[in-house]
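Every chain is numbered from 1 and lettered A, B, ... according to where its sequence line falls, protein lines coming before strand lines.
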There are 2 protein chains.
Amino acid sequence: MSLMRRSAVDAQHTRDTIIAKAAAIASVDGLEGVTIGRLAADLAMSKSGVLGHFGTKEGLQLAAIDRVIADFRAKVVEPALTRDRGLPRLTALCDHWFDYLADTGLPGGCLLTAAAVEFDTRTGEVHDTVAELWNDWRRLLRAELKHTGLDVDQCLFELMALGPAVNQAIQLHGDRKAPERAKRAARTVLLVKA
Amino acid sequence: MSLMRRSAVDAQHTRDTIIAKAAAIASVDGLEGVTIGRLAADLAMSKSGVLGHFGTKEGLQLAAIDRVIADFRAKVVEPALTRDRGLPRLTALCDHWFDYLADTGLPGGCLLTAAAVEFDTRTGEVHDTVAELWNDWRRLLRAELKHTGLDVDQCLFELMALGPAVNQAIQLHGDRKAPERAKRAARTVLLVKA
DNA sequence: GTGTTTAGCGACCGATCGTTCGGACTCTAT
DNA sequence: ATAGAGTCCGAACGATCGGTCGCTAAACAC
């Protein structure tokens with residue numbers, strides 16, 4: 001049974017467009033800087049037309065985050081799952097991570113990295129979603145590190161450090177070589193310390 | 001000549017109180033989340049009474065940042081300048097940095113680390129001030145690294161990575177051992193790679 | 001055809017935003 | 001005592017915030 005009448009395709013497309021624009025704005029001005037009025041103006045829509053798809057601003061923020069998380073998984077996590085567990089998968093995860101940070105498709109860099117800082121000490125569903133994403137990422141790296149014989153906690157900390165570092169080096173300092181430096185650092189962590 | 005009439009001490013004290021509260025709010029909700037109305041309510045003042053000390057909201061933000069930067073310099077940079085140039089000073093700078101991140105005196109963690117992400121892709125005086133602060137910090141580390149014979153750019157990247165990592169580990173993941181891990185990582189970067 | 005469902009609009013809501021202004025008040029210098 | 005400087009308040013400004021409501025128009029089922 002098709003529950004959607006009036007051009008379900010159009011509505012989904014509109015929703016996708018709103019989410020894409022919201023993510024783009026959020027990458028520059030933060031998730032709290034995403035405003036219904038500004039979004040409506042940019043998309044030549046009415047405020048109610050925008051908000052109708054999400055109910056509340058928080059719903060819109062969550063939709064934008066979910067979209068970016070799916071993109072992150074598709075570009076970073078899934079390609080690496082074809083590699084053997086342990087060091088091969090770890091290096092693949094890190095390499096894809098750093099490449100993603102250098103080309104997120106959003107004008108303000110990585111939204112997930114920014115959201116981690118923006119919502120780290122707040123409460124609510126947005127914080128919970130962001131915290132869960134990063135805990136998942138940590139669990140993923142930790143599980144692979146256990147196959148290496150390395151100091152799991154120490155290596156996990158050092159690998160987790162490289163992502164934010166790449167983001168800051170690119171966004172704040174304009175260092176386009178950051179991904180290469182991070183890849184080299186990751187190899188030092190994973191190999192030299194064995 | 002004392003330019004201030006009516007209780008210069010009182011006015012300065014009021015200004016200090018406002019800045020302290022603004023920094024505390026900003027550490028949790030971001031510098032853009034600092035609101036004149038909320039500030040006035042928290043301090044039992046009028047909005048105009050608050051804003052009168054700074055002229056504009058941006059002036060207030062800059063005053064809060066300047067305060068925190070001065071605190072950072074006093075707690076992190078200056079104590080390390082007594083150490084010999086090169087490795088001794090570098091390890092001291094990093095150790096004080098990581099300890100500072102674990103105890104900033106603000107409820108939401110390190111405001112400078114958060115501001116770097118919040119304003120990295122924006123324009124204006126706040127961005128400029130934050131970018132300058134971090135460029136100064138990079139220049140400081142770089143100057144010391146030149147005395148070590150290490151790969152300056154690579155080591156600089158790896159050391160710069162550890163600060164944001166400590167902040168995220170503490171604020172988002174509640175890892176109170178993060179400063180110790182960062183100190184260990186810094187020693188690996190500075191010694192093993194020689 | 002008729003009826004139902006729904007995307008999106010336009011008008012509006014109370015609250016809050018940053019900012020301005022005039023005045024009340026307090027202190028200091030003369 | 002008087003004048004000036006400066007702190008702070010209270011009221012108000014236009015703009016914008018997130019959100020609600022009733023409506024129209026279009027697509028569907030029948």
Side-chain angles (χ1 to χ4, degrees), chain A residues 1-22 25-26 28-65 118-119 122-127, chain B residues 1-22 25-26 28-65 118-119 122-127:
Chain A
M1 50 166 64
S2 74
L3 291 175
M4 306 194 182
R5 308 310 176 85
R6 178 226 164 74
S7 179
V9 180
D10 289 359
Q12 188 59 43
H13 176 259
T14 301
R15 200 183 130 97
D16 284 351
T17 305
I18 298 171
I19 291 176
K21 191 73 184 179
I25 294 176
V28 175
D29 291 326
L31 275 166
E32 218 56 64
V34 176
T35 265
I36 315 295
R38 178 180 170 190
L39 213 39
D42 287 358
L43 298 172
M45 293 180 61
S46 65
K47 292 205 299 175
S48 53
V50 171
L51 205 56
H53 288 274
F54 310 97
T56 65
K57 175 178 179 176
E58 191 181 36
L60 170 60
Q61 291 173 325
L62 291 170
I65 290 183
E118 186 179 1
F119 285 88
R122 302 195 206 181
T123 58
E125 274 194 57
V126 178
H127 162 273
Chain B
M1 50 164 65
S2 73
L3 291 175
M4 308 195 180
R5 309 309 174 85
R6 176 226 162 75
S7 179
V9 181
D10 289 359
Q12 188 60 44
H13 175 259
T14 300
R15 200 183 130 97
D16 285 350
T17 304
I18 297 171
I19 291 176
K21 191 73 186 177
I25 293 175
V28 175
D29 291 326
L31 275 165
E32 218 57 63
V34 176
T35 265
I36 315 295
R38 177 179 171 190
L39 214 39
D42 287 358
L43 298 171
M45 292 181 62
S46 66
K47 293 204 297 176
S48 53
V50 170
L51 204 58
H53 288 274
F54 310 97
T56 64
K57 176 179 179 176
E58 190 180 35
L60 170 59
Q61 291 174 325
L62 291 169
I65 289 183
E118 187 179 0
F119 285 88
R122 301 194 208 182
T123 58
E125 274 193 58
V126 177
H127 162 274

Taking the minimum atom-to-atom distance to the side chain of [X], which one of [options] wins?
X: B:Lys57; options: C:dG18, D:dG19, C:dA7; value: C:dG18
X: A:Ser46; options: D:dT7, C:dG8, D:dG10; value: C:dG8
X: B:Ser48; options: D:dC8, C:dC21, C:dG18; value: C:dC21

Separation of [X] atom [atom1] from [N] atom [atom2], in whole Å?
X: A:Leu60; N: D:dG19; atom1: CG; atom2: C1'; answer: 13 Å
X: A:Leu51; N: C:dC9; atom1: CG; atom2: P; answer: 13 Å
X: A:Met45; N: C:dA7; atom1: CE; atom2: P; answer: 11 Å
X: A:Leu43; N: C:dA7; atom1: CG; atom2: P; answer: 17 Å

Are OP1 or OP2 of [N] and a side-chain N or O of [X] less than 4.0 angstrom apart?
X: A:Thr35; N: D:dG18; answer: yes
X: B:His53; N: D:dC8; answer: yes
X: A:Thr14; N: C:dG8; answer: yes

For this session: Starting at CD1 of B:Ile19, measure out to CG of B:Leu60 and round the result to the nearest 0.5 Å.
Result: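 Answer for the CD1-CG pair, B:Ile19 versus B:Leu60, is 7.5 Å.
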
Exercise. Roughly how far, to the nearest 0.5 Å, is the CG atom of A:Leu39 from the CD1 atom of A:Ile25?
Worked result: 5.0 Å

For this session: Identify the residue among B:Val34, B:Asp16, B:Asp42 that makes a side-chain contact (heavy atoms from CB on, under 4.5 Å) with B:Lys21.
Result: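 Going through B:Val34, B:Asp16, B:Asp42 one by one, the side-chain contact (heavy atoms from CB on, under 4.5 Å) with B:Lys21 is satisfied by B:Asp42 alone.
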
For this session: Evaluate the side-chain contact (heavy atoms from CB on, under 4.5 Å) criterion for residues B:Phe54 and B:Gln61: first the C-alpha distance (whole Å), next the side-chain angles of each, then the deciding distance (0.1 Å), finally the verdict.
Result: CA-CA 9 Å; B:Phe54 310 97; B:Gln61 291 174 325; over 6 Å; no

Problem set entry | Side chain B:Lys47 and base D:dG10 donor-acceptor under 3.5 Å | no

For this session: Describe the nucleic acid contact of A:Ile36 in one word from base, sugar-phosphate, nothing, applying a heavy-atom distance below 4.0 Å.
Result: sugar-phosphate

